[in-house]
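Below: the structure, in C-alpha cells.
For ligands, and for the atoms within them, numbers begin at 1 and follow the listed sequence.
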Amino acid sequence: MKKHNFSAGPCILPQEVFQKASEAILDFNGMGLSLLEISHRSKEFVAVMDEARAIVKRLMKLGDDYDVLFLQGGASLQFAMVPFNLMKTDGKAAYLDTGTWAAGAIKEAKKLGTVDIVGSSKDQNYSFIPKDYTVGSEYNYFHCTSNNTIYGTQMKEFPKTDTLMVCDMSSDIFSRVLDFSQFDLIYAGAQKNMGPAGATLVIIKKDILGKTGRDIPSYLNYQLHIDKESMYNTPPVFAVYTSLLTLQYLEQHGGIEAAEVRNEAKAKLLYDEIDRNPLFEGYSVKEDRSLMNVSFKLTDESKKEAFDTAWKAAGISGLNGHRSLGGYRASLYNALPIESVQVLVDIMKSIS
Ligand SMILES: Cc1ncc(COP(=O)(O)O)c(C=O)c1O
C-alpha cells in the first residue's frame with residue numbers, strides 16, 4: 001500500500017513521475033539504453049537539460065535576463081556560492097535570521113565578509129518572521145529564506161530594497177504565486193517540490209555577476225556554469241531528468257497558480273483542525289504559518305501513544321517533528337494529495 005507521505009524532504013513526488021523515472025532507468029526514450037548509461041553530452045540528455053531550464057522560466061514567468069542552472073552540492077553549497085559571487089571583497093551583506101537554515105547561510109557568508117543580521121526571531125525559537133527591518137543600499141545583497149522547513153514559518157511579504165535580493169526557496173519553490181522578478185537570485189535543493197536529492201536549482205539575473213573583485217574557484221563561479229549551460233562538469237542526470245518530469249507534470253496541471261490553490265486547501269484543512277482541537281497546538285504564530293510545513297504538538301502528552309499508534313496504523317509516514325523541535329511536522333508539498341491530509345485530520349478528530 002502506498003503510504004501517506006508527510007516527510008519534509010526527500011519527500012513525495014507525483015506517482016506518475018516515479019513511474020516515468022523508473023522506466024527511463026531501464027530504457028530511456030526507446031534508445032535501448034538506460035538514462036544512467038548515456039553521455040550527458042548526448043543530444044538526448046542535452047535536450048533534457050535545455051527543457052528543464054526553459055520550463056522553470058515559463059512556470060515562474062521570467063524573461064531572458066534570467067538564467068537557470070542545475071548544480072550539485074545542495075542548498076548548503078549555495079550558502080557559500082552566494083557570498084563568493086555577490087559579496088565584494090570589502091563589502092557587506094544583510095541577512096534575515098529566520099531559522100536553522102538561514103543561520104547556516106549566515107555562517108558561510110561570515111567567512112567571506114561582513115554580515116549584518118537585520119532581523120532575527122532566534123530568541124523566540126524562530127516561531128515568527130521578523131518584519132520591522134529595512135535593508136539599505138549599502139549592502140551588496142539581502143538574503144532571506146522564504147520558508148522555514150523546521151519551524152513551519154513562511155514569508156508572506158518580501159522587503160522592498162535597492163540592493164540585490166537573494167532567496168533560499170528550498171522548501172516552497174513552485175508552491176505559490178510570487179512576483180519572482182523581485183528576486184535577483186533564487187536557489188533551492190531539488191528534493192522537496194522538484195525531484196530527487198542531487199540537483200540544486202539556481203535562478204539568477206545575469207547582470208548581477210562579475211562585480212566582486214574576487215577570484216572565484218571554478219565550480220563556485222555562477223558565470224562559468226552560465227557559460228557552459230549547466231554542463232561544466234557531469235550533471236546529476238537522474239536528478240535533472242526527474243526534476244524535468246515533475247516540472248512537466250506541474251505545467252500540465254495548471255502551473256504554480258493551480259498548485260497554490262491546492263496547497264491552500266490542504267493547509268486550511270489541517271490548520272483548522274489544529275485550531276479547533278484543544279489536544280493540538282500549532283508551533284508558529286498564525287500570521288506566519290507555512291503552507292508547506294505544519295509544525296504542531298500535542299497539548300496533552302498522555303495522548304502521545306494513542307495518536308502515534310493511530311497515524312502509523314493509517315499508513316501515515318514522516319510525521320515526526322524535526323529532531324531539534326520535537327512534536328510533529330506535516331509537510332504538505334505539491335505532490336501530497338488532500339486525501340492524505342484528510343486521513344490525518346480524521347485521526348486527530350478521533351483522539352480525545
Ligand atoms: C530551507 C532550506 N534550506 C537549505 C536546506 C539544506 O538543503 P540541502 O540538504 O540541499 O543542502 C534545507 C534542507 O532541508 C532547507 O529546508
One residue to check: Tyr187. Relative to ligand 1, which of side chain, backbone, both or neither has a non-hydrogen atom less than 4.0 Å away?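 For Tyr187, no heavy atom sits under 4.0 Å from ligand 1.
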Should the proximity of Asn148 to ligand 1, defined as any heavy atom under 4.0 Å, be assigned to the side chain, the backbone, both, or neither?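 Asn148 to ligand 1: no contact under 4.0 Å from either part.
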Between [X] and ligand 1, is there a nitrogen or oxygen pair with a distance under 3.5 Å?
{"X": "Thr145", "answer": "no"}
{"X": "Ala75", "answer": "yes"}
{"X": "Lys192", "answer": "yes"}
{"X": "Asp168", "answer": "yes"}

I want to check something: taking the side chain as every heavy atom from C-beta on, are Asp27 and Glu23 in contact at a cut-off of under 4.5 Å? no
So do the side chains of Val202 and Gln78 get within less than 4.5 Å of each other, counting heavy atoms only? yes
Could you tell me which atoms of ligand 1, counted from 1 in the order shown, lie closer than 4.0 angstrom to a heavy atom of [X]?
{"X": "Asn147", "value": "1 (C)"}
{"X": "Gly74", "value": "10 (O), 11 (O)"}
{"X": "Ser170", "value": "1 (C), 2 (C), 3 (N), 4 (C), 15 (C)"}
{"X": "Phe79", "value": "4 (C)"}

Parallel, tilted or perpendicular: ring planes of [X] versus [Y], cut at 30 and 60 degrees:
{"X": "His253", "Y": "Tyr249", "result": "parallel"}
{"X": "Phe79", "Y": "Trp101", "result": "tilted"}
{"X": "Tyr283", "Y": "Tyr151", "result": "tilted"}

Is there a heavy atom in Ile150 that sits closer than 4.0 Å to ligand 1? no
So is Gln191 in contact with ligand 1, going by heavy-atom distances below 4.0 Å? yes
Nearest-neighbour protein heavy atom for atom 1 (C) of ligand 1, which is reported as residue plus atom name and distance: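 Protein heavy atom at minimum distance: Thr149 OG1, 3.4 Å.
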Provide, to 0.1 Å, the distance between atom 11 (O) of ligand 1 and the closest protein heavy atom, together with that atom's residue and name. Ser76 OG, 2.6 Å
Just one of Thr212, Val115, Thr114, Val82 clears the side-chain contact (heavy atoms from CB on, under 4.5 Å) bar with Met87, so which one?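 Of the listed residues Thr212, Val115, Thr114, Val82, the side-chain contact (heavy atoms from CB on, under 4.5 Å) partner of Met87 is Val115.
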So among Gln154, Arg176, Met292, which one has a side-chain contact (heavy atoms from CB on, under 4.5 Å) with Ser146? Arg176
Please check if the distance between the ring centroids of Tyr187 and Tyr222 is under 6.0 Å.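 Not close enough - the centres of the two rings lie 6.0 Å or further apart.
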Sub-6.0 Å ring centroid separation between Phe28 and Tyr241: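 Yes, close enough.
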